[in-house]
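Heavy-atom basis, side chains included; hydrogens, waters and symmetry copies ignored. Below, read A as the first sequence line, B as the second, and so on, with proteins coming before strands; counting in each chain starts at 1.
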Amino acid sequence: MNTPIRRLALVVFAMFTALLLSTTWIQFVQAEDLRDRAGNRRTLIENYSRDRGAILVDGTPIAASEPTDDELEWLRRYQQPSRYAHLTGYYSFTYGAGLGLERAEDSLLAGTDDSLFYQRLSDVVTGKPASGASIELTIDPQVQAAAVEALGDRRGAAVALDPQTGQILAMVSRPSFDPNALSSHQLNAVDEAYVALTEDPAQPLTNRAIAGDLYPPGSTFKLVLAAAALESGQYEPDTELEGGLTYTLPGTETTLPNFGGAACDPEDTPTLAESVQVSCNTSFAWLAGELGADAIREQAEAFGFGEPLEVPMSVTPSIYPEEMDDAQLALTGIGQFEVRETPMQVAMISAAIANDGVTMSPYLVEEVRNSDLEVIESAEPRSRSRAISSETATDLTAMMELVVEQGSGQGAALPEVQVAGKTGTAEYGNSGAAHAWFTGFAPADDPQIAVAVIVESATDNWAGETGGQIAAPIARAMLDAGVQR
Amino acid sequence: MPVTATSPTPSTVTSLKVRSGRTIELLLLLLALGIVTLSYITVNVTAVGELPADVWWHVGGFAALGLGLHVVLRRRARYADPLLLPLATLLNGLGLVMIHRIDLVPGQLGTSGVASRQLMWTALAMVMAAVVLLVLRDHRVLRRFTYIAMALGFVLLLLPMLPVIGQTVNGSRLWIRIGPFSFQPGELAKIAVAVFFAGYLVSTRDALSLVGRRVLGLQLPRARDLGPILVAWGLSVLILVLQRDLGSSLLFFGLFVAVLYVATERTSWIIIGLSLFVGGCLLAWRLFSHVQSRVTLWLDPFAPEQSDQVAKGLMGLAHGGIFGAGLGNGYPYITYYANSDYIVASFGEELGMVGLFALLMLYALLVERGLRTAIGSRDGFGKLLAVGLSFTVALQVFVIVGGITRVIPLTGLTTPFLSAGGSSLLANWIIVALLLRVSDAARRPISERRQDPSIDAAEREEARA
């Protein structure tokens, strides 16, 4: 019986070998993937045992960790939640690092990022408790505050950029939420708050400035068309366009009226500059057909359409439609049909015009410092591309100045500061409700700030309200704060 | 006067003197107790920052039990294998440490007292091991109880099905409860069945391996030889299936095939056994939804809307990594059944891959000493008993650790000596006591062999048959 016993011993050997291999597989090969899995409570508790880095605006923390006595050693607190919720995001034990910078820069804040390797090493050697890096933002608190106050309770979003650097000076989305409710250690209350937020039809967790549903840009898209026309070399600001009282969409019997049924020009031949100034629908619908879809798309892409962008939160790429007939092409000329933009993209277009035609990459993180306050990352402005020539930029600026001086955007005018801008009223659905837009920059001759503002369902278009009346004053508050910084 | 080559001389007599191994056993036992004591202190200092007053009581009591068993071996089983007791003591001690550690959940006042209960069961189990060694002077006596063991095994397996005392825990009806005590009789049934298999097969092995027809190159035995054991095995597996105890079904099946193979020395049994096993698995998978969900979890532990038991264990193991979070420094209590079915994941989290390797080596060594005892044993019954018992331990470790680490689908089983639970401890200490008894007989020099006329007569009869 000894031979089979020896063979059985080989079977036992094989069984234990299998266990050694499976253990190695899980604890060595797969370990990192498993640790990084969403909802891994061990990793979360482990993260709570470290002092998570602060998020700062102008040196003042807007998110920071406070020591506590309970099992989760640190409590995340947000100082001005109503103002900065969509920038910070939340850090919740149950739901992890969500939205905003808490999510986008989680590894830096948690102190697990590779760039903090030497910091961690020295912490171990010196016996210092491990801690995360802190992040200083590009946000200008005055511009941010102005945007928050001016938007008030209205649903919408506002973005402000420094056109020369791409620094994001303000980013606001409304309605907002209180991240403190999600970071609390009262886990039941956190659950209730989270369910309430996710089930709220107003979607307060959505950052409408960069990641909401994309919006129809309405007349703000006329800037892209005007840019494409000037860039084509066949149009000058004083080139006369065809624009009557109405425009019959090619291949249909549908007529497109001007806003309020008004004529754009006594002879029905407004110039390009006049068309921008009075936001003429018929001439831009006609111009879209003349330029063709490819030229418009190329210009839109030069401004950043269709390209993924991280600020470091992801910005949903804006869309210029692919397939369309002539009637639909004409509609894209006034920012309708399936043209969809984020407020960030709209702000980038104004910023490019303000920056002599060059688009800068927008960014939100100015500096990253480790717990010894050494700077480990410092942002450098990066240009993305030249969207338009310098001359085109100058021509467009002049047209946009007229919009604010005499046209639809007078609500954005500032005393003693020349403002350039463009309004938009974007219809959606068939109700006549429309989103109100304003985008622009100031001062026109030395741009310090470029903005985009959208107020959702702000106006009843059929009642003759315009985007300029509602969105332009909000933009003015931001521009005012921006030129004073 | 010239000395002839055949006549014994004093020098050859001394060279034949067999070492009992008791001194090396004592040294290893002290090493094991030292490791347990240090781990106990580490866990307390890390998790609560100080040593609770009852630590010395616990450590001292446990050391006294281990040393007491050593004294019993010195008196009553001088030649027993010297590694078995230190290995079992170390595993049991580490189990106590981890159960105590899981009692100390931060932020919770006091402890659930599982560790104290486990220490009580440890005392009972080790005293029971001593009783087995004291009462059972020769393992061959057990052979007389072959059929009684079978009956006992059935009774034990059926006990949980009785009304009033039977208890259903987590969907499996495996427990009996009398007053404050709950017990899993199936753990002891394992030993009874091992005794029955060994006793029955040692008598019928020749008939099973030599008489019968060859079909397709396989030697098939006569029905009257194979029948009883097939019925016994079939019934026990049926009961376990009814009780929804997959792990034990697997254990009994493996035990059956292994002992049958060793007894008959016919590879055909392995082939038949494995085919039956695969068929049984497919059948169970088709018939039972709880088997299907186990398979789903095995293939994808993160499958949505399934239990996250396997996933939580994997995350614990991953958190431990290669070197572990350190004793008292992980979060093993996040995993379900952290101190029973999943105690190996708890060890993996706090001691890491290195620690798990060490634990697996302790088990491998324990099994190896058991198989070595079987090889060295001079009687067929002792061989089969030792094989059955040590293979049970190996298979049980494989099934539960393999379930946690996704080698096979998870089936609930205790980890020998480590898991919280009295019945398991009791059964495993009795297994160790039986292995010690068989190894004592195996390693005892011929000059000191005990003579038992009735047993010797039975063996002579068997030799004639």
Side-chain angles (χ1 to χ4, degrees), chain A residues 1-50 67-75 93-94 96 110 112 124 129-130 185-187, chain B residues 105-108 205 258 261-267 270 302 308 311-322 324-325 330-331 334 344 348-349 352-354 356-357 360-361 363-364 367-368 371-372 374-375 377 380 383-384 386-387 390-391 394-395 397-398 401-402 404-408:
Chain A
M1 283 190 276
N2 283 352
T3 311
I5 294 177
R6 289 205 174 87
R7 291 207 188 113
L8 199 64
L10 284 179
V11 173
V12 171
F13 177 76
M15 292 192 313
F16 276 90
T17 307
L19 295 183
L20 294 178
L21 287 176
S22 63
T23 309
T24 311
W25 181 253
I26 293 167
Q27 299 201 277
F28 179 61
V29 182
Q30 282 191 322
E32 198 162 315
D33 286 347
L34 286 167
R35 280 195 288 261
D36 291 345
R37 269 197 96 89
N40 188 339
R41 269 185 67 198
R42 286 181 175 83
T43 309
L44 280 169
I45 299 182
E46 190 86 336
N47 286 344
Y48 270 89
S49 71
R50 266 190 299 262
T68 66
D69 295 333
D70 53 32
E71 185 197 0
L72 307 176
E73 294 166 44
W74 296 88
L75 173 67
F93 180 73
T94 318
T112 57
V124 168
H185 290 183
Q186 306 294 320
L187 300 185
Chain B
V105 176
Q108 284 182 18
R205 53 189 290 254
Y261 166 65
V262 171
T264 59
E265 306 195 24
R266 289 272 179 263
T267 318
I270 305 258
F302 300 99
D308 57 349
K312 283 198 159 139
L314 289 176
M315 286 171 172
L317 288 171
H319 186 249
I322 297 177
Y331 313 98
I334 289 178
V344 166
E349 178 170 359
M353 191 182 88
V354 174
L356 273 195
F357 274 26
L360 289 171
M361 283 304 135
Y363 280 117
V367 174
E368 191 264 343
L371 292 175
R372 172 164 300 213
I375 286 176
S377 186
K383 270 185 199 300
L384 290 181
V387 162
S390 31
F391 190 69
L395 197 56
V397 171
F398 176 73
V401 182
I404 291 170
T405 60
R406 288 182 67 213
V407 178
I408 56 169

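- In this structure, the separation between CD1 on A/Ile26 and CE on B/Met315 is 12.5 Å, given to the nearest 0.5 Å.
- Put simply, OG1 on A/Thr23 and CG on B/Leu317 are 7.5 Å apart, with the number rounded to the nearest 0.5 Å.
- In this structure, the separation between CG on A/Asp33 and CG on B/Leu314 is 12.0 Å, given to the nearest 0.5 Å.
- Once rounded to the nearest 0.5 Å, the distance linking OH of B/Tyr261 with CG of A/Leu8 reads 7.5 Å.
- Annotation: A/Glu32, atom CD; neighbour count of heavy atoms from other residues, nucleotides and ligands within 6.0 Å does not exceed 12.
- Annotation: maximal heavy-atom pairing with chain A below 4.5 Å, among B/Ala364, B/Ser390, B/Gly324, occurs at B/Ala364.
- For B/Val262, the parts lying under 4.5 angstrom from a heavy atom of chain A are both the backbone and the side chain.
- Without hydrogens or angle criteria, B/Arg406 side chain to A/Ser22 main chain gives no donor-acceptor distance under 3.5 Å.
- Across A/Val11, A/Val12, A/Leu20, the residue that shares the most heavy-atom pairs under 4.5 angstrom with chain B is A/Leu20.
- Ranked by heavy-atom pairs under 4.5 Å with chain A, the first of B/Leu360, B/Val387, B/Leu371 is B/Leu360.
- Annotation: cation-pi pair A/Arg41/B/Tyr331 absent, no NZ/CZ under 6.0 Å from the ring centroid and within 45° of its normal.
- Contact between B/Ala318 and A/Ala31 at its shortest, heavy atoms only, is CB-O, 3.6 Å.
- When heavy atoms are compared at a cutoff of 4.5 Å, B/Leu395 approaches chain A by way of both its backbone and its side chain.
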Stepwise side chain to side chain contact (heavy atoms under 4.5 Å, CB included) check, A/Ile5 with B/Phe391 = CA-CA 10 Å; A/Ile5 294 177; B/Phe391 190 69; over 6 Å; no

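- Considering every non-hydrogen atom in both A/Asn2 and B/Lys383, the closest pair reads OD1-NZ, 2.7 Å.
- For B/Arg372, the salt bridge (charged side-chain N to carboxylate O under 4.0 Å, His left out) partners at least two apart in sequence or on another chain are B/Glu368.
- Most heavy-atom pairs under 4.5 Å with chain A, from the set B/Ala386, B/Gly352, B/Gly320: that is B/Gly352.
- Closest of all the heavy-atom pairs between B/Gly348 and A/Gln27 is O-NE2, 2.9 Å.
- Residue B/Val401 touches chain A through both its backbone and its side chain, counting heavy-atom pairs closer than 4.5 Å.
- The nearest pair of heavy atoms linking A/Leu19 to B/Gly402 is CD2-N, 3.4 Å.
- Of the listed residues (B/Val397, B/Thr264, B/Val344), the greatest number of heavy-atom pairs within a distance under 4.5 Å of chain A belongs to B/Val397.
- Considering only heavy-atom pairs separated by less than 4.5 Å from chain B, the leading option among A/Arg37, A/Arg42, A/Met15 is A/Arg42.
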